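Written below as structure tokens is the structure these notes are about.
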Number of protein chains: 2
Amino acid sequence: MKTRPPRATISDVARTAKTGKTSVSRYLNGEVNLLSPDLKARIEQAIAELNYRPSQMARGLKRGRTRLIGLIIADITNPYSVDVLSGIEAACRAQGFTLLMCNTNNEVDLEQHYLQLLSSYQVEGIVVNAVGMHEEVLNRLQQSMLPMVLIDRKIPDFACDVVGLNNLEASNIATQHLLENGYQALLFLSEPLGSVNTRRERLRAFYDTVKNTAHVQAENAEVALHQPDALETLLRDFHQRHPGKNCAVIAANGALTLQVARALQRLQLRWGESIGLLGFDELEWAALAGVGITTLKQPTWQIGYAALEQVIARIEGSETAIREQLFSGELIVRGSSQPLR
Amino acid sequence: MKTRPPRATISDVARTAKTGKTSVSRYLNGEVNLLSPDLKARIEQAIAELNYRPSQMARGLKRGRTRLIGLIIADITNPYSVDVLSGIEAACRAQGFTLLMCNTNNEVDLEQHYLQLLSSYQVEGIVVNAVGMHEEVLNRLQQSMLPMVLIDRKIPDFACDVVGLNNLEASNIATQHLLENGYQALLFLSEPLGSVNTRRERLRAFYDTVKNTAHVQAENAEVALHQPDALETLLRDFHQRHPGKNCAVIAANGALTLQVARALQRLQLRWGESIGLLGFDELEWAALAGVGITTLKQPTWQIGYAALEQVIARIEGSETAIREQLFSGELIVRGSSQPLR
DNA sequence: CTGTTAGCGCTTTCAC
DNA sequence: GTGAAAGCGCTAACAG
């Protein structure tokens, strides 16, 4: 049994440097000006010699500050989540925090489990990436009394900082674009609306935008992400119900856009030729699929970064009013939304 | 200033239950059989009442076991990494460990920083997802003396458990497939080989497989991921150098496949029509790009899961010989590798 | 069966 | 300037 050497402790350092733990602690905490150059040098030497690293465990225990931030993600395989994660991660680094990442896989029990876990590790705050999260799961989150910031979605009747997309503006831009390109029948497709504000806002702006244009049919439908058959039927019906008209579909998020593209492919309806298509969320493969898929790109990285800055502000004691930070999306035009015929 | 109520401690529970901390501790650690039903009930009651959760910090400090696993990822935006992460995450859950996730962004300094960080949080072991990791970064990892498992890649001259793909078999299957479909000029494309065993093995099996077939040109090239122009030139040259022959490209990983597809698109070379294409790593959009892209799918989730099981085995003290766990890939045939003409 | 006690590695009064 | 000593919340002997 190859036993690892036990880590050096602050006492080891003190002994080696022929001093007390207090001075070492002071050194570690940057109170260097209080130390004589000689002592400082001895401590430095001892630390290097022993390859000493202070234990965050002990530190956290003593000070109550762990410099840990909890992150709860509903579905890590969602590309949106990954980009956001990347931004959060960068912000953590910049601010000297460490991320405890939990993927709830959209299972309610897990979510509960992780919330307790984060709490037991004394995280100082949590960020919830609600993208793809079931509503029930999200609602349970209120229980946590930690500083918390939501990404993408609000919890109804729960005052909490939120960072996300300016949905009304984005949806307006997207819809307007399709109208300008001569589409006459528009279908707004989303996962079940529930009380998810994101979906509802996008939908509302969609209808509001269309309202001002005569001779345009606007409708919407809700479909579960993992029901390809239902989706296929929906799309076929929509297309057949509007013969002679230019039809277009707006998919309310990236995961759905993928499913829609697959369904259209099975139906042999080519986007940009027989039907228009526009999806929320940029996709790395958007340019490669057929004539390309027009997307509404969110500044995902910035959203993640901003969210973390916000939790930290709360952790540092900011008591300003609940803040809702909205970012603008950007329309990336590709073939799928070109004028038909 | 809305101050949060301080968390209840084990002493609070003991007091409320009118007993000592020891009994509470016993209760927490499942040594329930040693407690009288009455006492047990009182403790249960007190815990519920105070909403008590033991502090992992204190526990870790005392026992030296933090139940924390460090994960080092070079590039979290790589889809392969995400899938692996998902498997690791599931295994953690199953085994009662928590993940401390670090994304090094492929920066050497960061990697060093994180290694120290993980160590200071007393992680019990680390998993390194080397996919996309720079060699220099990987090499530095040897310093850590923690139980460690590598995913995808080995570190030259460093004995360490590895979990990954059976590269020789997979590359053989892929190459064979192209040969059977009548391709006569094959280009194996990878990022700079360096001493990355994964790339070298795939390349070797490629040549070994082709060797047995007469009248087939085999060549390979190395290209950096973020040099689209170089890639474009490379592909154009390759195609033009073999007039009248059926040409095919093998991309050694998913990130590269994306770049190749983009380059071919710019060159107006359509896969499955003017050129063959096959990529390692399954991509969610593979079926949507033109006639579809044939891929060699890795069991990413399983690889992640297995990796975590392996670190845990080491943590639990397994002293068996260094283990190399290889999984078989699966060829997903799509239009891009169909016989041309 | 149950409780007392002594630390885990660190920070922080409080004295010198 | 420096260090001794008292805990942070918990577990693990060791006694009853």
Side-chain angles (χ1 to χ4, degrees), chain A residues 4-44 46-47 50-68 116-117 119-124, chain B residues 4-44 46-47 50-68 116-117 119-124:
Chain A
R4 274 190 306 287
R7 297 162 45 92
T9 77
I10 199 173
S11 303
D12 298 333
V13 176
R15 201 176 319 112
T16 309
K18 303 204 188 312
T19 175
K21 314 195 282 180
T22 314
S23 299
V24 180
S25 175
R26 289 201 177 106
Y27 174 86
L28 294 175
N29 292 287
E31 301 165 27
V32 186
N33 43 346
L34 303 178
L35 299 175
S36 70
D38 171 52
L39 181 50
K40 176 163 174 268
R42 266 153 48 215
I43 293 178
E44 235 150 30
I47 288 181
L50 299 171
N51 195 266
Y52 166 75
R53 305 282 159 229
S55 154
Q56 295 297 342
M57 287 291 166
R59 234 187 240 221
L61 182 58
K62 184 66 189 162
R63 297 210 285 201
R65 301 168 67 232
T66 58
R67 306 282 90 180
L68 245 28
Q116 292 190 4
L117 186 95
S119 153
S120 70
Y121 276 105
Q122 319 264 82
V123 298
E124 298 186 42
Chain B
R4 273 190 306 285
R7 297 163 44 92
T9 78
I10 198 173
S11 303
D12 298 332
V13 176
R15 201 176 322 112
T16 307
K18 305 204 186 313
T19 174
K21 312 195 283 180
T22 313
S23 298
V24 180
S25 176
R26 289 205 177 101
Y27 174 85
L28 294 175
N29 291 288
E31 301 164 28
V32 186
N33 43 345
L34 302 179
L35 299 175
S36 69
D38 171 51
L39 181 51
K40 175 162 175 269
R42 265 154 49 215
I43 294 178
E44 235 150 28
I47 289 181
L50 299 170
N51 195 269
Y52 166 75
R53 305 284 157 226
S55 153
Q56 295 296 342
M57 286 291 165
R59 236 185 235 217
L61 181 58
K62 181 67 186 164
R63 299 209 284 200
R65 301 168 66 231
T66 57
R67 306 282 89 180
L68 245 28
Q116 292 190 4
L117 186 93
S119 154
S120 71
Y121 276 104
Q122 318 265 82
V123 298
E124 298 187 41

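To find a chain, count down the sequence lines: A is the first, B the second, and so on, and within it residues start at 1. In this text, all values refer to a predicted model and were calculated from it rather than measured experimentally.
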Check: On DNA chain C, nearest-nucleotide positions of B:Asn33 versus B:Ala58: which is more 5'?
Finding: B:Asn33
Is there a side-chain contact between [X] and [Y] (heavy atoms, below 4.5 Å)?
X	Y	value
A:Leu68	B:Met57	yes
A:Tyr52	A:Leu28	yes
A:Thr16	A:Val13	no
A:Arg63	A:Asn29	yes
A:Tyr27	A:Leu35	yes
A:Glu44	A:Val32	no
A:Arg59	A:Arg67	no

Once you round it to whole Å, what is the distance between [atom2] of [N] and [atom1] of [X]?
X	N	atom1	atom2	answer
B:Tyr27	C:dC1	OH	C1'	17 Å
A:Arg7	C:dG9	CZ	P	9 Å
A:Lys21	C:dT13	NZ	P	16 Å
B:Lys40	C:dC1	NZ	C1'	15 Å
A:Leu28	C:dT12	CG	P	12 Å
B:Arg26	C:dG3	CZ	P	9 Å

Notebook entry, point to check: Which ones in residues 61-68 of chain A lie close to DNA chain C, meaning a heavy atom under 4.0 Å from one of its atoms?
Noted result: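 Those residues are A:Lys62, A:Arg63.
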Checklist line | Close approaches to DNA chain C from residues 9-19 of chain B, in residue order (heavy atom, under 4.0 Å) | finding: B:Thr19
Note to self: With heavy atoms of chain A within less than 4.0 Å as the criterion, where does contact along DNA chain D begin and end?
What the structure shows: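 So the outermost contacting nucleotides come out as D:dG1 to D:dG9.
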Check: Which part of the nucleic acid, if any, lies within contact of B:Ser23, taking any heavy atom under 4.0 Å across all strands shown: a base, the sugar-phosphate backbone alone, or nothing?
Finding: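 Sugar-phosphate, backbone atoms only, no base.
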Next item on the list: Using modelled atom types only, decide if a donor and an acceptor are shared between the side chain of A:Arg7 and the backbone of A:Arg53 within a distance under 3.5 Å.
Entry: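 A pair under 3.5 Å: yes.
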Check: With distance as the sole test, does B:Arg42 use its side chain to make a donor-acceptor pair with the main-chain N or O of B:Ala17 at under 3.5 Å?
Finding: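 Such a contact is found between B:Arg42 side chain and B:Ala17 backbone.
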Check: Do A:Thr22 and C:dT11 have a side chain to base donor-acceptor pair shorter than 3.5 Å?
Finding: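 Under the 3.5 Å cut-off, the side chain and the base do not form any donor-acceptor pair.
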Note to self: Distance check, rounded to the nearest 0.5 Å: B:Leu117 atom CG versus A:Gln56 atom CD?
What the structure shows: 7.0 Å
Check: Which pair of non-hydrogen atoms, one from B:Ser55 and one from B:Ala58, has the smallest distance, and what is that distance?
Finding: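 What the structure gives for the nearest pair is OG-N, 3.1 Å.
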